[in-house]
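Structure, as structure tokens:
Letters A, B, ... are given to chains in the order of the sequence lines, protein chains preceding strands, and every chain is numbered from 1.
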Amino acid sequence: MIHSLFLINHSGDIFLEKHWKSVIGRSVCDYFFEAKEKAAEPEDVPPVLQTPHHYLISIYRDRLFFLSVIQTEAPPLFVIEFLHRVVETFQDYFGECSETVIKDNVVTVYELLEEMLDNGFPLATESNILKEMIRPPTILRTMVNTLTGTSNFEERLPSGQLSTIPWRRSGVKYTNNEAYFDVIEEIDAIVDKSGTTVCAEIQGVIEACVKLTGMPDLTLSFMNPRLLDDVSFHPCVRFKRWEAERVLSFIPPDGNFTLMSYHVNAQNLVAIPVYVKQNISFFESGSGGRLDLTAGPKQTMGKTVEGLVITVHMPKAVLSASLTATQGSYTYDPATKVLVWDIGRLNPQKLPNLRGSLSLQAGAPKPEDNPSINIALKIQQLAISGLKVNRLDMYGEKYKPFKGVKYVTKAGKFQRPACVAISHFST
Amino acid sequence: MTPMQKLLQLPVNAVNMVKTVQNQVQGFQEEDKSPVLSPDGAHQAWYSALQPDELRHLRSGGSGGGGGGGHNSEERAPLEEGGGGGGGQTQPLRHDDLKEMLDSNKDSLKLEAMKRIVAMIARGKNTSDLFPAVVKNVACKNIEVKKLVYVYLVRYAEEQQDLALLSISTFQRGLKDPNQLIRASALRVLSSIRVTIIVPIMMLAIKEAASDMSPYVRKTAAHAIPKLYSLDPEQKDQLIEVIEKLLADKTTLVAGSVVMAFEEVCPERIDLIHKNYRKLCNLLVDVEEWGQVVIINMLTRYARTQFLNPNLNECLLEEGGESTFYGSDADQDEDEDEDKKDEALSKRKPYVMDPDHRLLLRNTKPLLQSRNAAVVMAVAQLYFHLAPKAEVGVIAKALVRLLRSHSEVQYVVLQNVATMTIKRRGMFEPYLKSFYIRSTDPTQIKVLKLEVLTNLASETNISTILREFQTYIKSMDKDFVAATIQAIGRCATHIGEVRDTCLNGLVQLLSNRDELVVAESVVVIKKLLQMQPEKHSDIIKHMAKLTDNIQVPMARASILWLIGEYCEHVPKIAPDVLRKMAKTFTNEEDIVKLQIINLAAKLYLTNSKQTKLLTQYVLNLAKYDQNYDIRDRARFIRQLIVPTDKCGALSKYAKKLILALKPAPILESPFKDRDHFQLGSLSHLLNTKAGGYQELPDWPQDAPDPSVRNVEVKESVPEWTKCSSREKRKEKKVEKPFYSDSEGESGPTESADSESDSASSSASGSEQSGSGSEESEESEERSDSDEEEEEEEEEAKKRKTQKKEPIEAVQQSESEQSSEEEVKKRKVSIPPPRNVSESESDDDDSPSDSSQDSESEDSESEAEVKKKKKITPPKAPTKPVKKEGKKEKKEMSLLDFDDFEPTPSPQVTPVGNFLSSSLVTDLEGLSLTDTVLSPATISPSGSLKSYELLHRITGEGLWVEYCFSRQPFLPDPHMVAVQIQFTNSAATEAKSLRLEEAKLQSGMRVKEFPEIEVLPAGESATVVMGVDFCDSTQAANLQLCTHSRKFFVSIQPPVGELMTPSFMTENEFKKEQGQLMGMNEITEKMQLPERCQNEHAIVQRVIAAANLSRVPCGSDKECSSPAPPPPGPPVHRFAGRTVTSGSLVLVTVATKESGPSQLTINCEKMVIGTMLVKDILLALTQ
């Protein structure tokens, strides 16, 4: 299936190549570069390209292109999903996925790629198994390695590949047995200029960090599972139990993983926790404009809004902005025409305000469009949908684990920079 | 390897070993004991001897090597160097260093060298000149070095084939290693070095690995198959054999990989899937994600060839009702002819979904909840292509969920959704808002979402969509705005109600400040106006004014075309526009120039007075244009419209040619008709056939035989027993049950499922056994479990060979198997196969037979007692029971005389089930009176053949068999008594079992049995019903109903069951025979086999084949006949009457000492006669 992989940085250099079948020359990437030239933004490069002899399927993540070459029919999503899995594995191993990190750990990266695909078909993609075969580097081990001359490869062969539970390694041991679950919810909304919500929905994920000895069998139940409209699970979750009893029953992988992601039905109107009053106008003369933004809390259920960041995509003609903020700081990037106002904690008594003037390119016509505004925020201790974890039970092991659940409401965690997209369109 | 090397390498391993001991990882020590390492126990000594030295090396990072300190500095920054341009000079030098390091005897140095080489490979640098130095290290025992050497080998072996061959023997040795991971990795590398010369070695290795006891090695073998195939396609046939073998594998680990190999090597061999279909469906949930995708895609194709279109009938019903947006009705029109042809057919025969089809849909549905987008998409396309219309909707929600994923995923999903929305708009209508566009979406996503929104537009939601579109037009992204305007145009053409609104909106856009917006609007308006130009002359006028301002060539050209085309509607403005255009002609773009010529020509033809000079001016300008197209056009137009003497007849038609009515363009979605590609495929995305794409076949007209997917029950019996015994053992040893197993325990629905059909139970059973072995391998008793596995394999081999041998052998093995088992278990699980009893009826006194008999008698008697207690009293109607019981008793007693062993097994001699033992004794007295008759009415109970009415899998646990009890059916003597046995092997009870008449042939009648109210799980019940077959072997088609389902079943009588015995003397027989001569007599010669020579065997067999009674021979001596018959060869006579019409059936078997015997049948009904001859002949000569 997947024939070769090229990693390409933002400026268009191929800095790593891996072939699973016979070698394909780098020149195949020229078709990709051509498409990249045409596209205005890196996101606009078509993920699937056809060349005379090959097909190129690429993803763009963390300012890197992962370009795979295939020769015959293969489901595009299969390849795309795999490439994303590669990125996630790198992130898991090295903390981030950037050109420098990959170059620094090139041998580990190569080993990983070798293990993940055999003849272009995925072989081991579960992080638990990979980590048994190839140990992730840590600062301590790197130091020890340089001192002793050993490397960070496992000296023994893994047994995990043959474990009956492909996502959990065997022989896990901890002195402190803990299981943490983070319920993270994101609001996704479009609000029109008059302030009415065009559509709003809540996406949630439950991120787990499970460090438990042996083979624990966990059961997680909710107070109000009916809230969940659409769910998708980590493969460890037993679907039949969910269907029948609405509980999550699973043998967890070791370490961090996403247990489930869900969608809360937007039927019950989602309350948007903040509002932004905006007034952006441009003078008829065409030399400048005014901007006035005020943010305030709307429905926060008594919790404080933190990490509030307002992003405004300005019209192309705006050259610079000279503004004053009553709270937080702002930056304006004239290249991307993005105004970012980092407010931080929202104080309901003293509403933050940003105002000032904008200067336009000389001679440019008055920009007509109202810029769209994106809001990112964070509310601790609150799952905006009201989802509550009821209890966590463990079977199969004797000890008493420490259990913890945390709720966070966020806006903007997805790949797109912000998720509460309040798009102001004059209707 | 030289002894020296060996010695030098040992210490490192020793160090490793010490480490592992410290880590307290037991078992690993064993793993590391490769044959190379194990030979001597001397390494401890070596270790202590060399330790200080070695440690120094380790500490210093290899300062003992040739390079000395130079290495150290290089090692610190292995990546920085060589990145720039100076590679040409430094590289050979460094390669020398690397060679030196590789040749050194310290693993740490080797490792460092290999790391740097791999880093170079990763950057695409050529390191092929290091090949000899690297390949030497392939036998290195340090796993880290080895791994990297493998990486290098796989990369360069193809270029340096001769040298690569040096490494082959290492891999061959690795293939024999006791550690499965070493075997697997050896095979993996061996198959990855693309060297043609080793094809035979690879083939051998793959074959061997395919029957390896470790599922992981088998998985690797499956991976190796496509590698070998791409290297040498000539090996296809052999590889298919391996694939076939691996397809039968029952572990989830192997399933995905082998299907992938199947898809790459022999996707056309769909027949290989039949036997594995149900297994694959049942395993699917537990297969790893990537395998799921491949399997689902393959099964989609498979289902398209094997099942009927579930939507065929619905298409007929909803004809026209489905107002799909985009002329997809055109599609339907094409189909209509076909549909009508089918209409009559389908009305007669309602569609019933094949249970296997249902199984696939049911087992894939949970995967819609997968976290893997590819799996979700695979299931979605499966439902789209295979599910009944009413069920397709479930995929919408899952697909909408994928829209929150990465933009690449969105891109692919939206493409597929766009195709789906054309065919099934209703499916996505509730999710309309999910396709609303966000300002942060990349342009390509925006455009695709627009496409979907346009496809979803209908009369009801068009106003919302248009409002949404209006906001999009104000976006800053101009490409997106252009696409929006196009989308508005498409909505307007397809929804008549909003056409005017859209047009007005677009006209307003003409005053937009952005020229691109205006231009796009002009183009779209032009298309819309073509539909009804007369109503909109004011718009045309408005547009004419735009020519002063608008500069975009396409828009200008569009306006000019409009004015020219509809110049009658704007007679005053048109010449003026031409005048303006003539002035700017030379500065216009080419497409505009062409349109100016067109406009001039059209005006000349309609309004030559005003425009003659202008036209000539334009044509003259065009004549000297740079572009030859324009010069040509000008010349052509001039000849056509300006009448000269030279020009021919063509100019007469100029008006017709140029002012012909042009049809309005149809604005179509680019996704129309894309669904002939399998959704989710690359070909679908690109809308061209990609290499290796397998066409999605059309539904078959008639369903192919579904029985090809039946897995033999015979096979599953030993499988099951074996598994359960293993399971028990496993439970003792390993605490953890297998994952899916525990799932079964916890989820009640699951267990019902898996028990209900044999395929799944056997599959999961073996899976358990497989996993059991894996787990035990992890534990310390490794060798022990290995042995077991081998044992198991041997058993499996035995089984296979036995299958081919005669049935007796199977029986034997079965009896062995079952003797290990507790009787109880056996009873609950699977009743012994039918053919056991068939062979019993043979007079075969092999020792195995007797052992089997005694054994099964034991077990069954116990089972029967239990059964009787539960079943007998409430169910069977008492009256017939008594009668039947009477006869049964007679038979039994007689059979004993004949030394015939009855050995009734539960479903074969159902009569036995009727009788409580006390009833039998009660009736004993009665039977005595009829002893005279008894020799004539022999009907060996053991030979009653039962037929399957409803398969266990089809019936979801309900298993129904029927046999012809050969008892008169009391309520109606013209009916054949059919005895039906229900066995409920499901986990839940079956309720209200009854029969309903479905479609009987004319004249046929059925007397149903009283409804069975409840049949608890694991129980059986027997009932008797009567069927009047009208003396024909046509099947009686019936409907078997339970509380929840209906099954179509049919009872097919063998001709021998359509008669009842009739008693007559030999004289009567001869008299009757004399009257049925000529056409009514059929004679056949035959050669009786050795064991059929004696009288007993002949009588036995004839009576088994047909329900006749024997005419007592010799008895005629007393009765009459003055001349005693000459003492000749014995003649056997049998007589009976057909059930319905009572016609006589007379059978004569005349045996001769030498030469062929003769079979004569006299019967009024010739059809019955001919069929009966065949059956009896078969029975006798077999």
Examine whether an atom of [X] lies under 4.5 Å from a heavy atom of chain A, and if so say whether it belongs to the side chain, the backbone or both; otherwise answer neither.
X        : result
B/Tyr693 : both
B/Gln444 : both
B/Gln381 : neither
B/Val400 : neither
B/Val293 : side chain
B/Val375 : neither

Is it true that [X] and [Y] have a side-chain N and a carboxylate O under 4.0 angstrom from each other?
X        : Y        : result
B/Glu289 : B/Arg371 : yes
A/Asp230 : B/Arg401 : yes
B/Lys446 : B/Asp479 : no
A/Arg238 : A/Asp217 : yes
A/Arg61  : A/Glu88  : yes
A/Lys18  : A/Glu114 : yes

Side chain, backbone, both or neither: which part of [X] has a heavy atom under 4.5 Å from chain B?
X        : value
A/Val45  : backbone
A/Phe6   : neither
A/Ile80  : side chain
A/Trp20  : backbone
A/Tyr55  : side chain
A/Leu83  : neither
A/Met1   : both
A/Phe15  : backbone
A/Ser58  : backbone
A/Glu126 : side chain

When the ring centroid of A/His3 is compared with that of A/His19, is the distance short of 6.0 Å?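 Distance test on ring centres: not under 6.0 Å, no.
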
Does the ring center of A/His234 lie less than 6.0 Å from the ring center of A/Phe250?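 No, they do not, as the ring centres are separated by 6.0 Å or more.
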
Top contributor to chain B interface from [options] [non-hydrogen pairs under 4.5 Å]:
options                            : value
A/Gly214, A/Pro75, A/Pro76         : A/Pro76
A/Pro46, A/Ala39, A/Ala40          : A/Pro46
A/Pro122, A/Ser261, A/Ala74        : A/Pro122
A/Glu41, A/Glu17, A/Gln50, A/His84 : A/His84

Taking every heavy-atom pair that is under 4.5 Å apart, which of [options] has the most such pairs with chain A?
options                                : answer
B/Asn297, B/Val154, B/Ile121           : B/Ile121
B/Arg194, B/Gln694, B/Met377, B/Met114 : B/Arg194
B/Val151, B/Leu402, B/Asn372           : B/Asn372

Give a yes or no on whether the backbone of B/Ser683 and the side-chain of A/Glu73 come within a donor-acceptor separation of less than 3.5 Å.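 A pair under 3.5 Å: yes.
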
Donor-acceptor contact below 3.5 Å, side chain A/Glu397 vs main chain A/Met215: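 Such a contact is found between A/Glu397 side chain and A/Met215 backbone.
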
List the steps, then state whether side-chain hydrogen bond (donor to acceptor under 3.5 Å, both in side chains) holds for B/Lys227 with B/Ser191. CA-CA 6 Å; B/Lys227 296 185 207 169; B/Ser191 54; 3.2 Å; yes

Minimum side-chain heavy-atom gap B/Met260-B/Pro226 below 4.5 Å: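 Answer yes - side chains close enough.
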
Any side-chain heavy-atom pair of A/Leu16 and A/Ile102 under 4.5 Å: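 SC-SC contact between A/Leu16 and A/Ile102 confirmed.
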
Kindly compute the distance separating OH (A/Tyr60) from CG (A/Asp44), expressed to the nearest 0.5 Å.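 Between A/Tyr60 OH and A/Asp44 CG, I get 11.0 Å after rounding to 0.5 Å.
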
